[in-house]
Protein chains: 2
Amino acid sequence: MVVTLRDVARAAGVSPATASRALSAPDLVAPARREHVQQVARDLGYRPNRAARELITGRTGNLCLVVPDLENPFFAAVAKGVQARARALGFALLVADAEEDPRLESELVGHLGAQVDGVILCSPRMTDAELDRLGKDVLDDDVPLLLVNRLHSGLPSVVIDNADGIRQAVTHLYALGHRRIGYAGGPVGSWSDAQRRRGLEHASHGLRSIDVVDLGHFPPLFGGGVAAGDLVAASGVTAVLAHNDLLALGILSRLRARGVRVPEDVSVVGYDDIPAATLVSPALTTVTVPLARLGRAAVDLLIEAGSVPTATESALAAALTAAERTRHATPPITIGTTGAATAPPSVLIGVELVVRASTGVASAQSSEARG
Amino acid sequence: MVVTLRDVARAAGVSPATASRALSAPDLVAPARREHVQQVARDLGYRPNRAARELITGRTGNLCLVVPDLENPFFAAVAKGVQARARALGFALLVADAEEDPRLESELVGHLGAQVDGVILCSPRMTDAELDRLGKDVLDDDVPLLLVNRLHSGLPSVVIDNADGIRQAVTHLYALGHRRIGYAGGPVGSWSDAQRRRGLEHASHGLRSIDVVDLGHFPPLFGGGVAAGDLVAASGVTAVLAHNDLLALGILSRLRARGVRVPEDVSVVGYDDIPAATLVSPALTTVTVPLARLGRAAVDLLIEAGSVPTATESALAAALTAAERTRHATPPITIGTTGAATAPPSVLIGVELVVRASTGVASAQSSEARG
DNA sequence: TGCCATGCTGAAATCGCATTCATCCATCGA
DNA sequence: TCGATGGATGAATGCGATTTCAGCATGGCA
């Protein structure tokens with residue numbers, strides 16, 4: 001029923017060894033014979049058995065992506081980018097949703113890590129200790145692990161320039177006259193939230209008579225923003241920075257419901273620039289992150305840092321996907337690269353503030369209240 | 001370095017055959033010996049090699065999901081549901097994004113179908129002929145294919161009750177006094193769009209002096225809705241049904257930009273009830289689809305119809321995931337089941353209109369203009 | 001007591017492919 | 001002309017698990 005390499009060899013009148021070489025190491029076979037075998041393979045509709053190949057080469061041709069929540073537009077975009085790049089390189093992608101659960105994260109990495117050539121762990125909620133354990137005990141030594149949105153010694157990573165994004169946002173608000181700014185943070189364990197807080201502190205140090213109010217931690221979802229909205233209203237700030245757009249949208253909605261005008265009374269800034277940011281009114285001022293590029297960079301760095309041989313499919317498959325392979329070939333622009341020769345490389349993804357309608361000049365009333 | 005079954009066997013003082021049985025067919029081994037082997041396996045940290053197992057059993061323990069666009073919140077939600085259910089049943093999930101391209105769809109199913117136990121194809125854009133070819137030539141006979149959001153003879157499927165959703169929406173608008181209703185359709189090849197058009201026609205037949213205006217086909221995205229918005233304004237309808245929420249949101253946005261008030265001047269109804277539907281104002285009246293349930297149903301039906309043995313992991317792994325397996329064990333509520341003994345089963349997922357702020361009583365002005 | 005059924009166990013075959021090793025032939029240099 | 005060289009090929013091996021098949025004991029039954 002199913003065509004095996006033996007069948008091809010028999011039909012082509014060569015040994016299985018030669019057939020194998022003709023398809024996956026073409027230079028080792030005499031040109032005439034090679035082409036003949038390839039033709040026969042095509043005619044018979046031969047498809048190499050991945051399990052058999054994997055068993056002997058140890059490579060699966062699969063990568064794995066673990067995200068906290070597939071439904072979150074931020075992660076959906078990352079997944080889309082990663083998937084596209086992986087496919088362009090000849091890999092299939094296993095996707096897992098960790099449901100914002102640190103324990104589930106390690107479990108998934110453990111399970112899936114055993115059947116892939118590399119793992120991309122996006123915005124892990126787990127602790128550094130657990131992260132350490134992953135690299136050591138859970139994963140095989142030859143399965144590289146790459147982090148997105150998190151730095152950890154010994155692991156390659158792709159991170160967003162959080163500090164710079166926050167800096168741009170704060171500068172923008174400061175220029176509009178805001179002097180008392182709230183920060184609505186993300187989940188407690190979130191590394192990027194910690195980064196942004198640090199960036200916020202650093203940015204505000206350089207500005208005169210600015211006051212930063214920590215509004216606390218919230219789930220990075222619309223619902224979290226609704227809760228945060230009340231704190232915003234109560235805190236007397238004239239502007240608020242949200243950990244991400246979903247949170248910002250929730251704040252926007254709550255403020256509107258309470259009759260607080262945006263941006264007249266309070267300015268709101270998000271982070272990520274998800275599609276929904278332009279759907280609401282006022283449209284959300286936010287920090288835009290090139291998510292597709294981030295996804296590409298993640299795959300490329302994983303392959304490179306882990307020295308994963310890009311799926312050297314059979315000559316057959318290679319020909320099939322050649323066009324495909326170049327379609328997405330735009331190189332990821334790595335804004336910066338840190339790390340010495342020994343340290344694993346990290347790529348820093350630059351971000352950009354995009355000013356829309358949710359930010360405006362600080363209200364006089366609040367300014368007076370302040371003074 | 002890596003522990004193999006031989007190692008376990010040697011350490012336990014039994015043959016590889018017995019070790020294998022102790023782990024994956026426990027009843028064939030004497031209790032004492034069985035427990036001993038399992039203990040040794042645990043101590044040694046034995047993890048069965050999936051490739052080797054797959055080679056001989058032919059089962060991979062993977063499922064595959066192909067969607068037109070991972071970033072579309074509708075598909076993201078489906079993917080989340082499918083992933084969760086797959087994992088609960090012990091499967092890993094390969095996810096592929098077809099980029100709304102029918103050709104890419106078949107290519108992906110072909111590539112990935114070779115390395116999974118089943119394929120879920122969501123909202124395929126391909127023609128019926130291509131779909132036929134998939135089942136026959138592209139996929140192995142023992143790899144079941146399930147469709148979501150599409151019916152096709154010979155293939156099991158999970159579909160939304162499009163006709164009923166549209167009927168509910170039309171009835172709602174009719175009750176509000178609307179007599180001239182526009183329909184902004186989805187992509188040309190979309191099966192669900194065809195369904196909804198048919199449902200619309202059917203529903204309107206039953207209502208007196210109602211007038212349905214076909215506004216054409218649009219990409220099922222926000223941008224498509226912006227274009228549709230102008231047609232809505234020009235067509236003189238008092239209400240519009242959009243093929244999905246993204247489209248509806250685009251229409252909403254465009255109408256607002258043109259000074260058309262919603263719902264005072266025009267009522268807008270979406271479909272799907274994506275999260276963003278509640279984020280805008282006026283909040284979108286729409287047809288809510290239980291997407292998580294849909295995802296679950298898809299996996300369950302695929303397993304059942306394709307008689308895919310649920311990954312009978314080794315006793316070891318089974319024990320590990322036992323808790324996990326029950327966590328999501330809520331049975332999918334299949335609203336209805338069609339199909340005779342020979343025809344593959346289909347599950348119909350019921351939907352429900354949720355009325356929000358984007359629909360209201362038909363404006364007197366437009367009513368007069370009509371009369 | 002003898003024989004068969006039953007229950008466990010181990011040796012060995014197998015899955016499909018890549019790869020090492022040995023072989024063969026042609027070619028080149030001396 | 002002969003040996004050396006090297007390129008092309010085939011036979012054989014092994015990856016790690018499952019699964020047949022045969023063997024061995026034990027217990028039941030006549």
Side-chain angles (χ1 to χ4, degrees), chain A residues 1-38 41 44-61 114-115 140 142 309 311-318, chain B residues 1-38 40-41 44-61 114-115 140 142 309 311-317:
Chain A
M1 202 67 224
V2 59
V3 182
T4 121
L5 189 59
R6 283 185 104 82
D7 301 328
V8 175
R10 203 173 313 146
V14 299
S15 77
T18 302
S20 171
R21 282 187 281 248
L23 295 174
S24 51
D27 3 325
L28 296 182
V29 177
R33 205 178 286 256
R34 172 205 319 160
E35 270 186 47
H36 177 223
V37 172
Q38 290 178 359
L44 264 53
Y46 168 71
R47 317 216 27 174
N49 179 314
R50 304 188 55 117
R53 179 175 289 177
E54 177 186 344
L55 186 54
I56 192 163
T57 65
R59 275 174 286 114
T60 65
Q115 56 174 314
D140 283 356
D142 53 351
T312 318
E313 300 271 302
S314 66
L316 202 63
Chain B
M1 202 68 223
V2 60
V3 181
T4 122
L5 188 60
R6 284 186 103 80
D7 300 330
V8 174
R10 202 172 314 146
V14 300
S15 76
T18 302
S20 171
R21 283 187 282 248
L23 295 174
S24 50
D27 3 327
L28 297 182
V29 177
R33 209 179 284 255
R34 172 206 319 161
E35 270 185 48
H36 178 222
V37 172
Q38 290 179 357
V40 169
L44 264 51
Y46 167 70
R47 317 218 23 177
N49 180 316
R50 304 188 55 117
R53 177 177 292 176
E54 177 186 344
L55 186 56
I56 191 157
T57 62
R59 276 174 285 111
T60 66
Q115 55 175 315
D140 283 356
D142 53 350
T312 318
E313 300 271 302
S314 66
L316 200 63

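Naming convention: chains lettered A, B, ... in sequence-line order (proteins, then strands); numbering from 1 in each chain. This one's a predicted model, so the numbers in the text were calculated from it and none came from an experiment. Keep in mind that the numbers below use all heavy atoms, side chains included, and drop hydrogens, waters and symmetry copies.
Between the side chain of B/Ser20 and the backbone N or O of B/Pro16, no donor-acceptor pair lies under 3.5 Å. The main-chain N or O of B/Pro26 is found under 3.5 Å from a side-chain atom of B/Arg34 such that the two form a donor-acceptor pair. Judged purely by atom type and a 3.5 angstrom limit, A/Thr18 has no side-chain atom pairing as donor or acceptor with the backbone of A/Val14. For the pair B/Gln115 (side chain) and A/Arg50 (backbone), a donor-acceptor distance under 3.5 Å is absent. No donor-acceptor pair under 3.5 Å is formed between the side chain of B/Gln38 and the backbone N or O of B/Leu23. Of the possible polar contacts, none joining the A/Arg47 side chain to the B/Ala114 backbone as a donor-acceptor pair under 3.5 Å is found.
The separation between B/Asp142 atom CG and C/dC15 atom C1' is 14 Å, rounded to whole Å. Whole-Å rounding puts the B/Arg6 CZ to C/dG10 P distance at 13 Å. Rounded to an integer number of Å, the gap from CG of B/Asp27 to C1' of C/dT6 is 16 Å.
Annotation: side chain of B/Thr4 is not in contact with side chain of B/Asn49 (no heavy-atom distance under 4.5 Å).
Along DNA chain D, the stretch of nucleotides lying under 4.0 Å from any heavy atom of chain B spans, 5' to 3', D/dG16 to D/dT20.
Each of B/Leu28 and A/Val3 has a nearest nucleotide on DNA chain C; the 5'-most of these lies closest to B/Leu28.
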Query raised in the report: Could you write nucleotides 18-23 of chain C as a row of B, S and -, 5' to 3', where a protein heavy atom under 4.0 Å of any base atom gives B, of only sugar-phosphate atoms gives S, and otherwise -?
Result: BBB---
Report task. Could you check A/Leu5 against A/Tyr46 for side chain to side chain contact (heavy atoms under 4.5 Å, CB included), going step by step and ending with a plain yes or no? Result -> CA-CA 7 Å; A/Leu5 189 59; A/Tyr46 168 71; 3.8 Å; yes
